[in-house]
Amino acid sequence: MSCCASGDKPPRPPKPVPPLYFPTRLPAEVQSRTPENFPVPLPYNQRTTYCAEVGADYVGKSVLLCGWVHNRRDHGGMVFIDLRDRTGLVQLKFNPETDPGAHTIAGRLRSEFCICVRGHVAARPEGLANPNLKSGMIEVNVHEIDILSESPTPRFPIEENIDANEELRLEYRYLDLRRTPMQKALITRHRIAKEIRDYFDDHGFYEIETPFLTKSTPEGARDFLVPSRVIPGTFFALPQSPQLFKQLLMMSGFDRYIQIVRCFRDEDLRADRQPEFTQLDLEMSFVQAIDVQNIIEGLIARLMKKILGVEVKPPFPRMSYDQAMAEYGIDRPDTRYDLRIRDVSAVAKRCEFNVFLDALAKPDGCVRCIRVPGGAEMTRKEIDTLTEDMKGIGAGGLPLVKVAQENGAVVFQTGIAKFFNPQTTAEMCAASGAQPGDLLLFAADRVANVCKYLSWLRETVAKRRNLIPANQWNFLWVQDFPMFEYNEEDGRHYAVHHPFTAPRDEDLHLLDTTPAKAKAKAYDIVLNGIELGGGSIRIHRTEVQQQVFKILHLTPEEQTAKFGFLLEALRYGPPPHGGIALGLDRMVMLFTGAASIRDVFSFPKTARAYCPMTQAPSPVAQAQLDELYLRLNVPAKPAK
RNA sequence: GGGGUCGUAGCUCAAUUGGUCAGAGCGCCGCCCUGUCACGGCGGAGGCUGCGGGUUCGAGUCCCGUCGACCUCGCCA
C-alpha cells in the first residue's frame with residue numbers, strides 16, 4: 001500500500017539507524033560520566049552463558065549475562081537483582097562503593113526490564129548461599145549494565161505459581177510463557193517430539209508432510225473450511241487428520257510413515273481439546289495390529305524412560321471393547337482403581353421399585369451398580385452433591401443404598417432400601433459383592449445411558465474419595481471394537497472408528513448379514529483413563545471398502561464424489577497396511593502433569609475457540625469477502 | 001444447545017438477613033535502609049462492584065436480561 005498522495009515529493013532523508021541498545025538515561029551527574037563508565041554499549045551478542053548455568057566453576061571469571069529483572073531488593077546501599085532467563089535465576093549484586101554508575105542504574109530497574117550486565121562471579125560469603133537457586137552458591141558483582149528495554153508492571157506476576165485468571169494470562173500469553181512451569185512444559189514438548197523423531201528414524205520411518213488445504217470429509221467432526229478464490233463457490237477443508245493421505249503413501253510404497261502433524265476439528269472444546277491440535281500420525285505396510293502395537297509400546301517405553309525416568313514394561317494389557325463397556329462403562333477405562341460395574345438386572349427385576357422396573361421394560365434396559373467399599377460413611381452432603389451432579393449429566397436421580405449389618409444379618413439402609421426384602425437384599429449382595437459398610441450406587445436405564453452414568457460415577461467417586469493411586473501409569477490396549485454403531489433416529493449405521501477400518505477376517509461375512517455384530521481390527525491405547533490414541537488395520541480391498549461404504553449409506557455416486565480417489569488407488573496393488581495416531585498434546589499434558597491442554601500449547605484458544613491475545617477470529621474487509629464470492633448471513637440476535 | 005461455578009482495586013479475594021461496606025493481602029509509587037533472596041521500616045495513590053434494566057426509602061447483595069471465563073453433558077468417524 002502506498003502512503004504517498006502526491007508523487008512529486010523530494011526523496012525522504014534516510015531514517016536514522018536505530019541504536020543497537022535502548023539508550024540508558026542516567027541522572028545528570030552520572031550521565032556526564034557516561035563516556036567514562038559506559039564507553040560503548042555492552043555486546044549482548046557475546047553472552048557468556050545462561051543465568052542458572054553460572055556455577056562455582058565461574059568464580060573469579062568475568063561474565064556477560066542477559067535476561068529479565070525478576071526481583072529487586074534495594075537496601076539503599078547494596079542492591080540485589082535476580083536476573084532470569086529460560087534456565088532460571090542468578091543473583092546480581094550492585095555495590096555503590098565499587099560501581100557507583102551501575103548502582104545508580106540498578107535503582108531504576110523494575111520488574112521485567114530486559115538488561116545486559118557485565119561483572120565478575122564471586123562465591124557467596126559463608127552462610128549466605130541460597131539453596132533454592134541452582135546458581136545459589138555464587139553471585140555476580142556487576143560493573144556495567146545496559147537497560148536493553150523497559151517494561152510496565154505486568155498485570156500479573158511472573159512467578160512459578162500464580163492464580164491469575166486464565167483469560168488474562170492468555171491475553172498476555174508472551175508474559176505467561178516467561179514463567180518457569182510454562183517454559184518447562186514447552187521444553188518438555190520439544191524433547192518429546194525430538195525423541196519421537198529419533199525413535200522412528202531408528203525404526204526406518206520417514207516423516208512426510210501432507211496437505212492442510214484438502215477435501216472436506218462427509219462424516220466425523222465438523223470441518224474448518226477455507227474458500228477457494230480461484231474456483232468460486234468451492235471450499236477446502238483443513239484436515240481432521242491426514243488419514244487418507246497416509247494410506248495413499250502406503251500405496252506409494254513408502255512402507256513406514258510418520259508425521260507430527262496439526263489437525264483441525266471444529267467441535268466444542270474441553271479441558272483436553274483445542275480446535276487445532278497435534279497428532280503423532282503413523283502408518284505401516286504389511287502389518288497386523290500386533291506390529292503397530294509393538295512399535296507404539298517401544299516408543300512409549302522409551303519416552304517414559306527418557307522424559308520421566310520411569311520404567312514401563314511392554315506388552316501392555318489388552319482388553320476387549322465389550323469387557324471395557326461392561327465393567328467400566330466406557331471404552332477408555334482407568335484401571336488404577338477398581339469400582340467395577342456389576343449388572344444386577346436379574347435381582348432388580350424382582351424389586352418393587354418402579355425406576356428399576358420401568359428401565360427394564362425398555363429395549364436394552366438394564367440395572368447396574370458400582371460398589372463403593374466403605375462408602376456407607378459418606379455424608380448426606382456428599383451424597384446429595386453426587387445426586388445433583390448426576391442429574392446434571394442427564395440422569396433422573398441416583399438410587400442408592402448403604403449396606404449395614406443388623407443382628408448378624410446384612411441389611412440395606414437409606415435411599416431405596418425399602419424396596420428390598422431380605423431375599424432380594426441377599427441376592428443383591430451376591431450380585432454386587434456388597435459387604436457391610438459399603439455403598440451401592442445404581443443406574444437404571446437403557447444400556448448406553450447406564451454406561452454413561454456409571455462411568456462418570458466411577459471416576460467422580462474415585463476422585464472425591466481419593467481412590468486413585470499416585471505415580472501409576474496404567475497403559476492399556478482396548479481392542480475388538482465393533483465396526484458400526486446403529487443409530488435408531490435415522491435408521492442407519494455409523495462407523496465407530498472410521499470408514500476405512502478393516503473388519504476382523506472372521507467377521508467379514510457378517511457385513512452381508514448383521515454388520516452391527518462385526519468387530520474391527522481397531523485398537524485404542526489408553527493411559528489412566530485417557531485415550532492417548534487409536535488406530536486400525538485398514539481395508540486394502542476395493543470390494544470390502546465399497547461394501548463398508550454401502551453399509552454407511554453411501555451410494556456409489558457419493559462414494560465416487562467423496563472417495564473416488566481412494567477407490568481408484570485401491571485398484572493399483574495396495575499393500576495391506578495399518579497405523580495409529582496419538583494425541584501429542586495429551587501426551588505432553590500427562591508427562592508434564594498439566595491440568596489443562598492449554599498449558600502445553602504455546603498460544604491456545606479459549607473454550608469458545610477465541611484467542612484473547614490476537615482477538616482472532618475477527619471480521620474481514622468486504623473486499624476480502626468479495627474476492628472469495630462470499631456473502632455473510634449472520635442472523636440478528638432475537639430481541640426480548 | 002443443556003447443566004454447574006464464577007465476574008468487586010493492577011492481581012487474588014472479603015463485605016452477616018438488602019442498611020458507614022468500598023475493605024484486606026500482595027503488587028505499584030515516594031522516602032529511609034550495605035547481605036538480601038517472600039528483604040525490612042514509614043507514608044501514599046488506586047474502584048462505573050462485567051454490562052443493561054427492574055424491585056426498594058436504600059442494591060456489590062434480590063429479580064430479569066446480556067456479555068465473558070472455566071468445568072461438564074451433547075458433540076468430537
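For clarity, every value in this text was computed on a predicted model and none was experimentally measured. Every chain is numbered from 1 and lettered A, B, ... according to where its sequence line falls, protein lines coming before strand lines.
Ring centroids of A/His75 and A/Phe80 are separated by less than 6.0 Å, placing the two rings close together.
Using Watson-Crick or G-U wobble geometry with both donor-acceptor distances under 3.5 Å, B/C70 finds its partner in B/G4.
Every residue two or more places apart in sequence or in another chain that forms a ring pair (Phe, Tyr, Trp, His ring centres under 6.0 Å) with A/His498 is listed here: A/Phe500. Among residues two or more places apart in sequence or in another chain, the side chain to side chain contact (heavy atoms under 4.5 Å, CB included) test is passed with A/Phe245 by A/Thr210, A/Pro211, A/Thr214.
Residue A/Arg110 places at least one side-chain N or O under 4.0 Å from the OP1 or OP2 atom of B/C29. For the OP1/OP2 pair of B/C39 and a distance below 4.0 Å, the side-chain nitrogens and oxygens of A/Asn71 include at least one atom meeting the criterion. For A/Arg265, no side-chain nitrogen or oxygen approaches OP1 or OP2 of B/C76 to under 4.0 Å.
No side-chain donor-acceptor contact under 3.5 Å links A/Asp74 to the backbone of A/Val79. A/Glu531 places no side-chain N or O within donor-acceptor distance of the main-chain N or O of A/Asp524, the cut-off being under 3.5 Å. With hydrogens and angles disregarded, no donor-acceptor distance shorter than 3.5 Å links the side chain of A/Asp281 to the backbone of A/Gln259.
Aromatic stacking of A/Phe156 on B/C11: not satisfied for centres closer than 5.5 Å together with planes under 30 degrees.
Taking 3.5 Å as the limit, the base of B/G35 and the side chain of A/Lys93 contain a donor-acceptor pair of atoms between them. The base of B/G35 is paired with the side chain of A/Glu139 by a donor and an acceptor separated by under 3.5 Å.
Note on A/Asp74: a base of the nucleic acid sits closer than 4.0 angstrom, heavy atoms only. Looking at heavy-atom distances under 4.0 Å, A/Val79 makes no contact with the nucleic acid at all. Within 4.0 Å (heavy atoms only), A/Leu168 reaches sugar-phosphate atoms of the nucleic acid but no base atom.
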remark   = With sugar-phosphate taken as primed atoms, P, OP1 and OP2 and all else as base, the protein-contact string of nucleotides 68-75 of chain B at under 4.0 Å (heavy atoms; B, S, -) is SSSSSBBB

